[in-house]
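All values reported here derive from a predicted model rather than from experimental measurement. For the numbers below, each heavy atom of this structure counts, side chains included, while hydrogens, waters and symmetry mates do not.
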Amino acid sequence: MTPSFVIEGLIHSDATMITGKPKAGKTNLTARMVSAIANQEETFLGKKVNQHGNVMIVCTDPGEAKKWGRRSFHYGCDSRVFVADFACADWNFIVPEVTEMKPALFVFDNILGATEGNSNQAEGANEVLMNLDKIIANGVPVVALHHSGKDYMDYTPRGPMGHTKYAAWMRHNVDVLKSGDQTLNLGISGNDTPEMSMSVSVKYQGDSLTATYDLLTEEIKKDKRVRGEDTHLKRRGLLDEVNSNPAFTGLKSKAAVGKKLYENFPGQYESADAARMAFSRAATGASYAEGKGWN
């Protein structure tokens, strides 16, 4: 009966990753969501807060624990927010403490500061993600902060930098992008919510560690994917059609199959490449066996 989200559409009840460039505002945004949970607020940015209670935070950057302490004090929830410095603790201490307290939320700020070795290699991600998984397995929702990918030819990617394990780990991603002096764009995607974009105004207070956030616009992107059993049956049907149709016998490449599908079924596919992509999805993990077709 546990809700899928701690805060609807923003913090998942399992694994959430909040990403963004350095100084994009991801920590301050997270702190404001933490205060909504700790202060038993009904909503944040118009989204229902489903879970209230204590919050535990572990910081890896130097001096960040003190900043988190000031944030929670100014938000009036310092008695319900517990902060530790990663330099003064280790996973053998953190995991049992979180498991025993079982807070409403555990925040790890940030992944890069706890990663040994190359963040682009699987080994660099394994220890951090494995220990965060232990916390989730004990029924505690986890928010992990991480840097987003590097800019490439003026394109700003959304989502986590480094190895694909980071993207595979999270159930939900909120990517924070500065879109103006006092405006953020939140790119939201995940397993249990449609992809959406939120434009949010930010008014920083005092020493800029606290802020008020207001929703300006929200756009839900149309999900064109067919999901569930219908998807499976549709793809299986396409694979069976290719394997049973003499016109496709001997076509060993997916590109050749796509071209033939486009030719044989006019109007069903926009192009030969679209047909190839449809067949590629249907034949994910399949290989061509001489005389047997695609399996």
Side-chain angles (χ1 to χ4, degrees), residues 1-7 10-19 26-27 30-40 49-73 75 77-117 119 121-147 160 162-163 165-174 190-191:
M1 299 303 291
T2 302
S4 296
F5 288 90
V6 178
I7 300 179
L10 292 172
I11 295 180
H12 199 274
S13 59
D14 291 321
T16 303
M17 191 173 286
I18 298 180
T19 54
K26 54 186 179 291
T27 303
T30 305
R32 180 62 188 90
M33 290 192 284
V34 164
S35 72
I37 295 165
N39 286 332
Q40 299 188 1
V49 182
N50 292 318
Q51 203 163 323
H52 300 104
N54 296 330
V55 179
M56 294 185 72
I57 299 156
V58 169
C59 309
T60 63
D61 288 346
E64 195 61 37
K66 293 179 181 178
K67 292 181 180 179
W68 267 103
R70 290 205 297 272
R71 290 184 183 102
S72 60
F73 174 79
Y75 281 130
C77 55
D78 49 303
S79 64
R80 295 175 296 281
V81 174
F82 302 86
V83 186
D85 194 320
F86 192 70
C88 301
D90 60 25
W91 290 114
N92 291 329
F93 168 80
I94 293 168
V95 174
E97 283 290 312
V98 178
T99 301
E100 183 178 351
M101 176 178 247
K102 205 157 188 177
L105 183 68
F106 175 75
V107 177
F108 193 73
D109 181 16
N110 60 64
I111 282 178
L112 197 60
T115 304
E116 295 184 5
S119 64
Q121 301 297 321
E123 292 77 10
N126 283 341
E127 184 182 18
V128 175
L129 298 182
M130 178 186 68
N131 283 290
L132 294 180
D133 279 343
K134 290 179 182 177
I135 293 171
I136 294 169
N138 280 284
V140 178
V142 168
V143 166
L145 277 67
H146 191 32
H147 297 299
H163 198 271
K165 279 191 171 238
Y166 295 119
W169 172 83
M170 62 189 180
R171 294 284 300 178
H172 195 67
N173 178 223
V174 177
N191 297 44

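Residues Trp169 and Asp14 have side chains not in contact (no heavy-atom distance under 4.5 Å, counting atoms from C-beta outward). Taking the side chain as every heavy atom from C-beta outward, Thr99 and Val95 approach each other to under 4.5 Å. The closest side-chain heavy-atom distance from Trp68 to Val34 is below 4.5 Å. In this structure, Met56 and Met101 have side chains that are in contact, with non-hydrogen atoms separated by less than 4.5 Å. Between Arg71 and Thr27, some side-chain heavy-atom pair lies under the 4.5 Å cut-off. Residues Ile37 and Val6 form a side-chain contact, since some pair of their non-hydrogen atoms from C-beta on lies under 4.5 Å apart. Residues Leu129 and Tyr166 have side chains in contact (heavy-atom distance under 4.5 Å, counting atoms from C-beta outward). Side-chain contact between Arg80 and Asn39: present, with at least one pair of heavy atoms (C-beta onward) separated by less than 4.5 Å.
Scored by the side chain to side chain contact (heavy atoms under 4.5 Å, CB included) test, Phe93 finds Ala89, Asp90, Glu97 as partners (sequence neighbours excluded). Every residue two or more places apart in sequence or in another chain that forms a side chain to side chain contact (heavy atoms under 4.5 Å, CB included) with Ser13 is listed here: Thr2. Judged as a side chain to side chain contact (heavy atoms under 4.5 Å, CB included), and not counting sequence neighbours, the contacts of Gln40 are His52. Looking at residues two or more places apart in sequence or on another chain, you find a ring-ring contact (aromatic ring centres under 6.0 Å, His included) between Trp91 and Phe86, Phe108. Scanning for side chain to side chain donor-acceptor pair (under 3.5 Å) contacts around His12 gives Asp192, with sequence neighbours left out. Residues forming a side chain to side chain contact (heavy atoms under 4.5 Å, CB included) with Ala167 (at least two apart in sequence, or on another chain): Pro160, Met170.
For the atom pair Phe106 CZ and Leu132 CG, the distance stands at 6.5 Å (nearest 0.5 Å). Taken from CD1 in Ile18 to CD1 in Ile11, the straight-line distance is 5.5 Å, to the nearest 0.5 Å.
With Val98 as reference, Ile135 is the one residue of Ile135, Asn131, Val58 to meet the side-chain contact (heavy atoms from CB on, under 4.5 Å) rule.
Pro103 and Pro141 make their closest contact through O-CD, 4.4 Å (heavy atoms, listed as atom of the first residue, atom of the second, distance). The two residues Ala114 and Val128 have their closest heavy-atom pair at O-CG2, 3.7 Å.
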query = What do the steps show when you test Thr30 against Asp109 for side chain to side chain donor-acceptor pair (under 3.5 Å), and what is the final call?
reply = CA-CA 10 Å; Thr30 305; Asp109 181 16; over 6 Å; no

ask   = For Leu105 and Gln51, what are the C-alpha separation, side-chain angles and deciding distance, and is it a side-chain contact (heavy atoms from CB on, under 4.5 Å)?
value = CA-CA 9 Å; Leu105 183 68; Gln51 203 163 323; over 6 Å; no

message = Under the criterion side-chain contact (heavy atoms from CB on, under 4.5 Å), I'd like the reasoning laid out for Val107 against Leu145: C-alpha separation, chi angles, the key distance, then a yes or no.
response = CA-CA 8 Å; Val107 177; Leu145 277 67; 4.0 Å; yes

task = For the pair Thr16 and Asn173, evaluate side-chain contact (heavy atoms from CB on, under 4.5 Å) and give the outcome as yes or no after the intermediate values.
result = CA-CA 6 Å; Thr16 303; Asn173 178 223; over 6 Å; no

request  = Would you sort out whether Phe73 and Val81 count as a side-chain contact (heavy atoms from CB on, under 4.5 Å), showing the intermediate values?
outcome  = CA-CA 9 Å; Phe73 174 79; Val81 174; over 6 Å; no

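Using modelled atom types and a 3.5 Å distance limit, the side chains of Asn138 and Lys102 yield no donor-acceptor pair.
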